[in-house]
Number of protein chains: 2
Amino acid sequence: MSDLLERLRTRGWRVTAQRRVVAEVLDGDHVHLTADEVHAQAVLRLPEISRATVYNTLGELVALGEVVEVSTDGRAKRYDPNAHRPHQHLVCSGCGIIRDVHPAGDALAGLTGLPADERFGFTVDEVRIVYRGLCPSCR
Amino acid sequence: MSDLLERLRTRGWRVTAQRRVVAEVLDGDHVHLTADEVHAQAVLRLPEISRATVYNTLGELVALGEVVEVSTDGRAKRYDPNAHRPHQHLVCSGCGIIRDVHPAGDALAGLTGLPADERFGFTVDEVRIVYRGLCPSCR
DNA sequence: TTCGCTGCAAACTGTTTGCATATTC
DNA sequence: GAATATGCAAACAGTTTGCAGCGAA
């Protein structure tokens, strides 16, 4: 059983076949999937799972903070299961696939804030860095 | 006449009332608008303009590199007319509005690349930094 | 006069929701 | 057995497209 399911179970999540399958699909994920791709993978293991359930489950996982929703330029959202490991994203402008990257910490130093006179009254609580380019097969 | 329209005209763009209005709406824009908001503003000046034309025009401006499409987390895309001025974005997690910000250049130093062993065969040609938080009215 | 642009409406994609049924705890 | 999750289908938002007519150059 995956760590993810274990953690969710102790938080009072009801474990059903559908939820297990969605969690399993996400668990082995290094290139993040769209909801539809998660559904496609899930169907291979549990043919009767519905798209709605996949969407609902992904939404719950996001709400619980176990999965991060990544959206890029009008394409379908992708779901990143590595919510607990700090990392950045490398996105292909061609096909939209997303890879996790872990640039050296010092490359990110000095980025944690935004000068007060550039904040326009906002509270800033996150800085996201996205590297964009073309993946090997789109090039 | 705006610089934008002037530039487009010399690139062979046919200037129509609708396109002029869309360009004018974008021109005075510092908090970027969604396609629907652009349409709403445009209707004030030209009541018969259609949504389809606004979408088409925005799409062309993006293709011409005059406007940048900014999409944040499954919300409607927003259109940033400051394509020629380098800047970053400050996004409200509450309502989705976007402000341009210009953090000091040295805060961004060392960010221009991604180490080769983290590139997974991608060519990287852009690094985007997005500051997220809450705007004054959502806080 | 020509070719490109517009408006309309219909199609489309990605996502959410209401409700009756089925399942987990 | 009670509460919750599922599946289906319908509704939805945002966006794109086909086509007949109109208008800028």
Side-chain angles (χ1 to χ4, degrees), chain A residues 1 5-6 8-25 32-43 45-64 66-79 95-98, chain B residues 1 5-6 8-23 25 32-43 45-64 67-79 95-98:
Chain A
M1 151 98 44
L5 276 179
E6 195 50 51
L8 293 170
R9 184 198 293 285
T10 64
R11 289 173 74 178
W13 221 46
R14 232 177 232 197
V15 177
T16 64
Q18 291 80 342
R19 288 175 168 187
R20 178 180 4 261
V21 166
V22 169
E24 282 170 5
V25 168
H32 311 321
L33 305 169
T34 62
D36 231 51
E37 287 165 353
V38 171
H39 179 244
Q41 291 292 315
V43 162
R45 308 180 185 211
L46 187 69
E48 54 283 337
I49 193 173
S50 77
R51 226 173 297 265
T53 296
V54 170
Y55 274 105
N56 288 340
T57 303
L58 290 172
E60 286 156 18
L61 289 171
V62 170
L64 287 167
E66 293 290 345
V67 165
V68 174
E69 214 173 72
V70 188
S71 79
T72 49
D73 292 321
R75 292 169 186 277
K77 294 177 201 159
R78 288 173 182 273
Y79 294 87
C95 60
I97 66 163
I98 300 177
Chain B
M1 149 98 45
L5 276 180
E6 195 48 54
L8 293 171
R9 183 197 293 287
T10 64
R11 291 174 72 179
W13 222 44
R14 230 175 237 199
V15 177
T16 65
Q18 292 80 340
R19 288 174 168 187
R20 180 182 359 265
V21 166
V22 169
V25 167
H32 312 319
L33 305 169
T34 62
D36 231 51
E37 286 164 354
V38 171
H39 178 246
Q41 292 292 316
V43 162
R45 308 178 185 214
L46 186 68
E48 54 283 336
I49 192 172
S50 77
R51 225 173 296 266
T53 296
V54 170
Y55 274 106
N56 289 340
T57 304
L58 290 172
E60 286 156 18
L61 290 170
V62 170
L64 288 167
V67 165
V68 174
E69 214 172 72
V70 188
S71 79
T72 50
D73 292 322
R75 292 168 186 278
K77 293 176 202 160
R78 289 173 182 274
Y79 294 87
C95 60
I97 66 163
I98 300 177

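Letters A, B, ... mirror the listed sequences (proteins, then strands); counts begin at 1.
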Task: Main-chain N/O of B/Tyr55 paired to B/His39 side chain as donor or acceptor, under 3.5 Å - done: no
- [ ] Provide, to the nearest angstrom, the distance between the NE2 atom belonging to A/His39 and the C1' atom belonging to D/dT6.
- [x] 12 Å
TODO: For A/Glu66, check salt bridge (charged side-chain N to carboxylate O under 4.0 Å, His left out) against everything at least two apart and list the hits.
DONE: A/Arg7, A/Arg11
Open item on the list: Treating primed atoms plus P, OP1 and OP2 as sugar-phosphate and everything else as base, which nucleotides of nucleotides 16-24 of chain D get B, S or - for protein heavy atoms under 4.0 Å?
Closed with: BB-----BB
- [ ] By nearest nucleotide on DNA chain D, pick out whichever of B/Arg75 and A/Thr53 is the more 5' one.
- [x] A/Thr53
Task: Listed partners of B/Thr53 passing side-chain hydrogen bond (donor to acceptor under 3.5 Å, both in side chains), at least two apart - done: B/Ser50
Open item on the list: Listing request: all salt bridge (charged side-chain N to carboxylate O under 4.0 Å, His left out) pairs with a residue in residues 46-55 of chain B, at least two apart in sequence or in separate chains.
Closed with: B/Asp36-B/Arg51
- [ ] Report the distance from atom CG of A/Leu33 to atom P of C/dT15, rounded to the nearest whole Å.
- [x] 13 Å
Open item on the list: If I take atom CG in residue B/Leu8 and atom P in nucleotide C/dG4, what distance separates them, rounded to the nearest angstrom?
Closed with: 17 Å
Task: d(CG, A/Leu58; P, D/dA5) in whole Å - done: 15 Å
Task: Value in whole Å for how far the C1' atom of C/dG7 lies from CZ of B/Arg19 - done: 14 Å
Task: Pairwise distance CG(A/Leu58) to CG(A/Leu33) - rounded to 0.5 angstrom - done: 9.5 Å
TODO: Whole angstrom is fine here: how far is it from CZ in A/Arg78 over to C1' in C/dG14?
DONE: 13 Å
TODO: Would you kindly give the CZ-to-P distance between B/Arg20 and C/dC5, to the nearest whole Å?
DONE: 15 Å
Task: For the student: nearest non-hydrogen atoms of A/Tyr79 and A/His32, plus distance - done: O-CB, 3.5 Å
TODO: For the helix from C/dT1-D/dA25 to C/dC25-D/dG1, figure out the bend between the end axes, five pairs an end, and round to 10 degrees.
DONE: 40°
Open item on the list: Output the rounded distance in Å from CD1 (B/Ile49) to P (C/dC8).
Closed with: 11 Å
Open item on the list: Is there a side-chain contact between A/Gln18 and the phosphate of C/dT23, meaning an N or O under 4.0 Å from OP1 or OP2?
Closed with: no
TODO: Give a yes or no on whether the backbone of A/Arg19 and the side-chain of A/Arg14 come within a donor-acceptor separation of less than 3.5 Å.
DONE: no
Task: Any donor-acceptor pair under 3.5 Å from A/Arg78 side chain to A/Gly96 backbone - done: yes
TODO: Tell me, please, which residues at least two apart from B/Arg45 pass side-chain hydrogen bond (donor to acceptor under 3.5 Å, both in side chains).
DONE: B/Glu24
